[in-house]
Amino acid sequence: MGLRLGIDLDGVVADFNRGWTSAYNDTFGAELAPDMVTTWDSPTELTHFTDMDAFWDWARDHGGHSVFRHLEPYPSAVETLCALEAEGHELVIVTAKPDWAVHDTLRWLADHRIPLRAIHMTEDKYTVECDVYLDDAPGQVESLARHRGTTATVCRFVRPWNHPVEHARDVHDWNEFHATVRDVAGTLHHAT
Ligand SMILES: [Mg+2]
């Protein structure tokens with residue numbers, strides 16, 4: 001059966017850390033690498049910005065566009081989303097974005113031809129009803145697991161900046177997410 005899949009973008013589909021570290025290196029002559037980002041607040045630990053507000057002020061404007069405009073997708077991300085859509089699942093992008101990033105995000109989704117059917121830009125991700133969720137943000141995984149963990153499958157995309165959460169299923173890569181969705185779809189199919 002077709003499932004409604006709630007998919008986060010940054011840290012899951014879009015390589016935000018590669019994007020911002022590369023932009024930071026270009027602007028400030030630094031030598032940051034994406035894998036140096038290991039905590040949720042890494043920008044304040046790795047850059048001269050002393051708080052996240054200052055970081056976001058910088059990230060919102062790079063010659064007329066934000067840092068969200070030119071991110072690379074993670075390997076296998078777009079291919080797996082296309083495969084899931086071809087298998088009959090409905091893809092819903094559920095992403096928390098600041099107001100100033102909305103249009104760059106829409107352009108990015110179009111550029112990469114992400115096979116989506118709906119987009120929700122909200123901090124309250126649990127209010128978007130889905131059968132399966134995939135997210136990397138520690139707070140969002142906890143919130144999704146708390147509100148949806150018993151009725152939906154909440155997947156934590158395992159990253160250095162998150163941790164195991166009760167009622168959330170760990171997913172290490174896109175192949176494992178693909179297998180998880182197939183597993184859930186098969187279980188629900190047999191249950192009906
Ligand atoms: Mg994320």
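These values consider heavy atoms only, across backbone and side chains, with no hydrogens, waters or symmetry-generated copies. Note that the structure is a prediction, hence the values are computed from the model and not measured. Atoms within a ligand are numbered from 1 in the order they appear, just like the ligands themselves.
Counting heavy atoms from C-beta on, the side chains of Asp51 and Trp56 never come closer than 4.5 Å.
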Tabulate below the donor-acceptor pairs under 3.5 Å that side-chain atoms of residues 143-155 make, not counting sequence neighbours, or state none.
unit_1 : atom_1 : unit_2 : atom_2 : d
His147 : ND1    : Ser143 : O      : 2.9
Arg148 : NE     : Tyr126 : O      : 2.8
Arg148 : NE     : Tyr133 : OH     : 3.3
Arg148 : NH2    : Tyr126 : O      : 2.9
Thr151 : OG1    : Arg148 : O      : 3.4

Side chains of residues 110-121: which donor-acceptor partners sit under 3.5 Å, not counting sequence neighbours?
unit_1 : atom_1 : unit_2 : atom_2 : d
Asp111 : OD2    : Arg69  : NH1    : 2.7
Asp111 : OD2    : Arg69  : NH2    : 3.3
His112 : NE2    : Trp108 : NE1    : 3.3

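For the pair Trp161 and Pro138, the tightest heavy-atom approach, listed with the atom from each and the gap, is O-CG, 3.1 Å.
Taking Ile, Leu, Val, Met, Phe, Trp and Tyr as hydrophobic and joining them when side-chain heavy atoms fall under 4.5 Å apart, one finds Val158 isolated, its cluster having no other members.
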(request) Given salt bridge (Lys or Arg N to Asp or Glu O under 4.0 Å), test Arg156 with Asp170 step by step and report yes or no. (result) CA-CA 5 Å; Arg156 166 177 79 115; Asp170 285 356; 2.8 Å; yes
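Here the Mg ion (ligand 1) has protein N, O or S atoms under 2.8 Å from it, and they come to 3.
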